[in-house]
Amino acid sequence: MDPGPWNECVPVRMDNSKIHMVSNTRQAFELLTQHWPTSHGQAYLAAIDICRAVLDRDSPAYVARAAFVAAAKEARINVVT
């Protein structure tokens, strides 16, 4: 399975800072593991696991996008539309 680009970017604004345009699983994984405001929560932990599976080519990329959006909502991170 291809961990390539997502069909649609997910723009997120963290801590009222700049908007991060997340367009693939690797970017999502890096944001989750390096800049996320929390390191707990069911959606957060699921997103980490799913991103790893996608990067290992065990799951399709669209699953990581959905998990990333769920983790953002859980963390009350603004998903810009």
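Tested against His20, the residues Met14, Arg13, Gln27 include a single side-chain contact (heavy atoms from CB on, under 4.5 Å) partner, Met14.
Residues that satisfy the side-chain hydrogen bond (donor to acceptor under 3.5 Å, both in side chains) test with Glu74, not counting sequence neighbours, are absent from this structure.
Taking both residues in full, the closest heavy atoms of Pro37 and Ile77 are given as CD-CD1, 3.7 Å, listed atom of the first, atom of the second, then distance. Here the shortest heavy-atom pairing between Ala64 and Val54 reads CB-CG2, 3.8 Å.
Atom OG1 of Thr25 is separated from atom CG of Asp56 by 11.0 Å, given to the nearest 0.5 angstrom.
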Show which side-chain atoms of residues 41-53 pair as donor or acceptor with protein atoms under 3.5 Å away, not counting sequence neighbours.
{"from": "Tyr44", "atom 1": "OH", "to": "Leu32", "atom 2": "O", "distance (Å)": "3.2"}

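Residue pairs meeting the side-chain hydrogen bond (donor to acceptor under 3.5 Å, both in side chains) criterion with at least one partner in residues 28-38, sequence neighbours excluded, are Thr38-His40.
A donor-acceptor contact shorter than 3.5 Å links the side chain of Arg65 to the backbone of Glu8.
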